[in-house]
S.K.: 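Below is a structure I'd like to ask you about.
Here, residue 1 is the first one in the sequence, and each next residue gets the next number. Values below: all heavy atoms of this structure, side chains included; hydrogens, waters and symmetry mates excluded.
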Amino acid sequence: MSEDAPETGPGDPERDRAARLLQDHFAQGRLGGGEFSSRLERVYKAVSLRDLEAAVADLPSSPAPEPAARTAPPAPEGPTLLRDPALLIPWGLWLGVNTLCFTIWLILYLTGQSSGYPWFLWVLGPWGIVMVFITLGLAAVHRGGGGAGRG
């Protein structure tokens, strides 16, 4: 009588294990999209453990380990401030405008059109001082000492 007894159906843990195995092999490129879909359908439609095993029988029981995680190491605290667009853009503008002013002054000086008064420093200096204060303020915010929320 035990020979004629129906085989027990697979439970959710067995189906999940088989589906996970198929997903791992699909992710590693061992199964194509169509084959993965048809095998996954067979896994969830399996009425016996034998049907479930047939869906994954020709696959190794554990896929090859995936390459090391591709997460970037955390960046050090100092350089993040230097990469902040809130600083890069204004400092880039400051540098560009002051390079242009100095170049104009130098051309005028070398061609004798100017007395040599360094007027470009009136652009470079005050704007540079403002930029230094902005940079220090953003550095304090990045460190968490911005003072916001203090009671």
Side-chain angles (χ1 to χ4, degrees), residues 9-46 49 51-151:
D12 287 340
E14 290 87 6
R15 290 182 200 273
D16 290 342
R17 197 170 16 257
R20 207 171 315 117
L21 181 66
L22 288 173
Q23 289 171 347
D24 291 342
H25 285 285
F26 176 67
Q28 298 210 357
R30 291 191 183 98
L31 295 174
E35 185 179 3
F36 170 71
S37 297
S38 67
R39 284 180 185 239
L40 193 60
E41 186 176 339
R42 284 173 49 196
V43 163
Y44 285 110
K45 287 184 176 182
L49 288 174
D51 294 339
L52 187 64
E53 291 171 3
V56 295
D58 59 335
L59 298 173
S61 61
S62 63
E66 293 199 20
R70 296 180 185 161
T71 58
E77 283 298 314
T80 58
L81 178 65
L82 298 177
R83 293 185 185 135
D84 189 353
L87 283 178
L88 284 178
I89 294 170
W91 275 111
L93 289 171
W94 177 85
L95 181 64
V97 167
N98 283 293
T99 301
L100 178 65
C101 289
F102 177 75
T103 303
I104 292 170
W105 173 83
L106 187 62
I107 290 171
L108 291 175
Y109 178 73
L110 293 176
T111 58
Q113 302 294 319
S114 172
S115 63
Y117 179 75
W119 55 266
F120 64 91
L121 294 175
W122 286 104
V123 178
L124 182 133
W127 190 3
I129 291 170
V130 169
M131 289 301 302
V132 166
F133 281 114
I134 290 172
T135 302
L136 293 175
L138 279 175
V141 168
H142 274 265
R143 280 193 314 268
R150 291 186 183 178

S.K.: List, one per line, each side-chain donor-acceptor pair under 3.5 Å for residues 132-141, sequence neighbours excluded.
M.R.:
{"unit_1": "Thr135", "atom_1": "OG1", "unit_2": "Trp91", "atom_2": "NE1", "d": "2.8"}
{"unit_1": "Thr135", "atom_1": "OG1", "unit_2": "Met131", "atom_2": "O", "d": "2.8"}

S.K.: Just wondering, do Arg20 and Asp16 contact through their side chains at under 4.5 Å, heavy atoms?
M.R.: yes
S.K.: I'd like to check the side-chain contact (heavy atoms from CB on, under 4.5 Å) partners of Leu121; sequence neighbours left out, ordered by chain and number.
M.R.: Pro118, Leu124
S.K.: Sequence neighbours excluded and cut-off under 3.5 Å, please list the side-chain donor-acceptor pairs for residues 105-112, or say none.
M.R.:
{"unit_1": "Trp105", "atom_1": "NE1", "unit_2": "Tyr117", "atom_2": "O", "d": "2.9"}
{"unit_1": "Thr111", "atom_1": "OG1", "unit_2": "Ile107", "atom_2": "O", "d": "2.8"}
{"unit_1": "Thr111", "atom_1": "OG1", "unit_2": "Leu108", "atom_2": "O", "d": "3.3"}

S.K.: In Å and rounded to the nearest 0.5 Å, what is the NZ to CG distance from Lys45 to Leu52?
M.R.: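 So the NZ of Lys45 and the CG of Leu52 are separated by 14.5 Å.
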S.K.: Arg39: what forms a salt bridge (charged side-chain N to carboxylate O under 4.0 Å, His left out) with it, not counting sequence neighbours?
M.R.: Glu35, Asp58
S.K.: Under the rule for side-chain contact (heavy atoms from CB on, under 4.5 Å), what residues qualify as partners of Ala55, not counting sequence neighbours?
M.R.: Arg42, Val43
S.K.: Can you list the residues that meet the salt bridge (charged side-chain N to carboxylate O under 4.0 Å, His left out) rule with Asp12, with sequence neighbours excluded?
M.R.: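 Listed in chain order: nothing, the list is empty.
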S.K.: Check whether any side-chain heavy atom of Ile104 lies under 4.5 Å from a side-chain heavy atom of Trp119, and answer yes or no.
M.R.: yes
S.K.: Taking salt bridge (charged side-chain N to carboxylate O under 4.0 Å, His left out) as the definition, give me every residue that meets it alongside Glu14, ordered by chain and number, with sequence neighbours left out.
M.R.: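 Partners of Glu14 under the salt bridge (charged side-chain N to carboxylate O under 4.0 Å, His left out) test: none.
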S.K.: Ignoring hydrogens, what is the shortest heavy-atom contact between Pro90 and Pro85? Give both atom names and the distance.
M.R.: CD-O, 3.8 Å
S.K.: For the residue pair Phe26 and Leu40, establish whether any side-chain heavy-atom pair is separated by less than 4.5 Å.
M.R.: no
S.K.: Side chains of Phe120 and Asn98, heavy atoms from C-beta outward: is any pair under 4.5 Å?
M.R.: no
S.K.: Apply side-chain contact (heavy atoms from CB on, under 4.5 Å) to Ser37 and list each qualifying residue two or more places apart in sequence or on a separate chain.
M.R.: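 Testing Ser37 for side-chain contact (heavy atoms from CB on, under 4.5 Å), a comparison that skips the adjacent residues, returns none.
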S.K.: Listed by chain and number, what are the side-chain hydrogen bond (donor to acceptor under 3.5 Å, both in side chains) partners of Gln23, not counting sequence neighbours?
M.R.: none
